Protein chains: 2
Amino acid sequence: MSTKKEDLLHMAEILFYDHGFHSIGLKKIVNESNIAMMTLYNHFASKDELVIEVLKRREERYMEHLAFFATYLKDHGEGSERDSAFVRIASAHARWLTDHSAKGCLFLRAKEEYGAQHDHPVVTLADGHKRLLREFVQASDPARSAEEALRLCLLMEGATALAESEEGPLVAREMIVMAEILFA
Amino acid sequence: MSTKKEDLLHMAEILFYDHGFHSIGLKKIVNESNIAMMTLYNHFASKDELVIEVLKRREERYMEHLAFFATYLKDHGEGSERDSAFVRIASAHARWLTDHSAKGCLFLRAKEEYGAQHDHPVVTLADGHKRLLREFVQASDPARSAEEALRLCLLMEGATALAESEEGPLVAREMIVMAEILFA
DNA sequence: TATAATATAATGATCGTTCTATCTATAAAG
DNA sequence: CTTTATAGATAGAACGATCATTATATTATA
């Protein structure tokens, strides 16, 4: 992929996450990226397509982080007390939260901003991400019920949201504690 | 308060919640309210002030709902098994969730959209709301630790967020189950 | 020589906000 | 009961700014 295109996607993700999708203009994105407007339109057909590619890349990164970190915790489990798959996923999500700034879930925010157009591709993508996440949770421990999988998703969403108004590390720690109680 | 002003606040809240703050223009608000633009500016100095009044009214309504419903559940507790104060608050929040459409927390969304301007009055108001909510939770059962109060807040935030992508009543039910396990 | 990126300007639309001028309703004064 | 005064609401145009998008023409790179 072109360097310019990567720069654009990188800066667009930062600005969208900091300011929201509708608040940020393409002009600011190309200015901050030191890239000409026509170069943006050479790589993306429209702002919507840029938004979609930003979200797709973020989803890929997030799911990879979750899978990698959960696997790592499984192999390098802390001595005698080895966590369940659900607790490991909670820990992996906690790590993501503390590594990233506290502005909530970009997919939920996208759905909220574009949600009025019910069949907008951004909304479809956001819904797909949430479904993928739930299926990932369920598949990590098929012995668990669908209700239990939903509960872990609720914990993860809760931590993401609460970290917007409370201290991130504290929130992450409490989420793991709750996961340990619920999924011992 | 003037009827026109109430109509404006009512319609503005609906449109902001459905489309977001930056996506919706004042023109759409006054059109949908069948009110002249100058009447809006006669009651509100700016769009920001309209946003702030919408949020203030919503906070008042939400906190009243929480207090009323939690008190009601305390007095009319279900026979032998009377819930703890924390579980009652969870139930009250669940009721709010099922009564309102599923577009997340308007205060978090406001903070996300205006969060770049760190000292913007909308951000201050949103932060104040989250602090008020946590203090309300803590005060409902002073015997509980601050960590436990934070956990209930996490459950409530999680249910609000998860209800955006999963079925509301199901999410509300599971949140209450989790609260009962954690705060028996 | 061909491809990619550049700067700049123009498009038409919409944004928040203000101005002007007209209209309507209620309330005080005759 | 009128008349007049006051205030609130109306429609519509205009403001400058910004929006996403496109056109043009030039420069750099490979």
Side-chain angles (χ1 to χ4, degrees), chain A residues 1-56 109-110 112-117 119-123 125, chain B residues 1-56 109-110 112-117 119-123 125:
Chain A
M1 170 153 44
S2 161
T3 298
K4 301 281 178 184
K5 188 171 182 180
E6 284 200 48
D7 291 351
L8 274 172
L9 285 166
H10 179 72
M11 183 58 68
E13 181 169 348
I14 291 174
L15 291 174
F16 285 149
Y17 193 59
D18 277 357
H19 299 82
F21 298 95
H22 285 92
S23 319
I24 223 67
L26 296 180
K27 198 162 196 172
K28 186 155 279 174
I29 292 176
V30 298
N31 282 352
E32 298 284 320
S33 312
N34 284 109
I35 284 172
M37 178 63 80
M38 279 312 297
T39 304
L40 187 153
Y41 275 95
N42 185 28
H43 288 294
F44 306 95
S46 64
K47 183 180 184 181
D48 279 5
E49 277 209 11
L50 174 61
V51 170
I52 285 170
E53 286 218 32
V54 164
L55 289 175
K56 278 184 180 168
R109 291 176 57 187
E112 289 157 355
E113 283 201 41
Y114 292 89
Q117 304 121 287
D119 53 355
H120 194 287
V122 166
V123 178
L125 201 151
Chain B
M1 172 154 41
S2 161
T3 298
K4 301 280 178 184
K5 187 171 181 180
E6 283 201 47
D7 291 352
L8 274 171
L9 286 166
H10 179 72
M11 184 58 67
E13 181 168 347
I14 291 174
L15 291 175
F16 286 149
Y17 194 59
D18 277 357
H19 300 81
F21 298 95
H22 286 92
S23 320
I24 224 65
L26 297 181
K27 199 162 195 172
K28 186 155 281 176
I29 293 176
V30 298
N31 283 351
E32 297 284 319
S33 312
N34 284 108
I35 282 171
M37 179 63 81
M38 279 313 296
T39 304
L40 187 154
Y41 275 94
N42 185 27
H43 288 295
F44 306 96
S46 65
K47 184 182 184 181
D48 278 5
E49 277 210 11
L50 174 61
V51 170
I52 286 171
E53 286 218 32
V54 163
L55 289 175
K56 278 184 180 167
R109 291 176 56 188
E112 289 158 356
E113 284 201 39
Y114 292 89
Q117 305 120 289
D119 53 355
H120 194 287
V122 165
V123 178
L125 200 151

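Convention: sequence-line order gives letters A, B, ...; per-chain numbering from 1. No hydrogens, no waters, no symmetry mates; every other heavy atom, side chains included, goes into these values. This structure is a prediction, so every number in the text was calculated from the model and none was measured.
- The CZ-P distance, from A:F44 to D:dT22, rounds to 15 Å in whole Å.
- The list of salt bridge (Lys or Arg N to Asp or Glu O under 4.0 Å) pairs with a residue in residues 17-44 of chain B, not counting sequence neighbours, reads B:D18-B:K103.
- With A:F44 as the fixed residue, the side-chain contact (heavy atoms from CB on, under 4.5 Å) test singles out one of A:L9, A:I52, A:V51, A:V54: A:L9.
- Scanning DNA chain C for stems, defined as runs of 3 or more consecutive Watson-Crick or G-U wobble pairs whose donor-acceptor distances all fall under 3.5 Å, gives the following ranges: C:1-15 with D:16-30, C:17-22 with D:9-14, C:24-30 with D:1-7.
- Counting only distance, with no hydrogens or angles, the side chain of B:K47 and the backbone of B:F21 share a donor-acceptor pair below 3.5 Å.
- Here A:H120 pairs with A:Y114 under the ring-ring contact (aromatic ring centres under 6.0 Å, His included) rule; sequence neighbours left out.
- A search for side-chain hydrogen bond (donor to acceptor under 3.5 Å, both in side chains) contacts involving B:S23 returns A:H22, not counting sequence neighbours.
- Residue B:L15 holds its CG atom at 5.0 Å from CD1 of B:I24, rounded to the nearest 0.5 Å.
- A distance of 7.5 Å separates CD in B:Q117 from NE2 in A:H19, rounded to the nearest 0.5 Å.
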One character per nucleotide, please: for nucleotides 2-20 of chain C, 5' to 3', B when the base has a protein heavy atom closer than 4.0 Å, S when only the sugar-phosphate does, - otherwise. ---SBB--------SBBBB

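- Here A:N42 pairs with nothing under the side chain to side chain contact (heavy atoms under 4.5 Å, CB included) rule; sequence neighbours left out.
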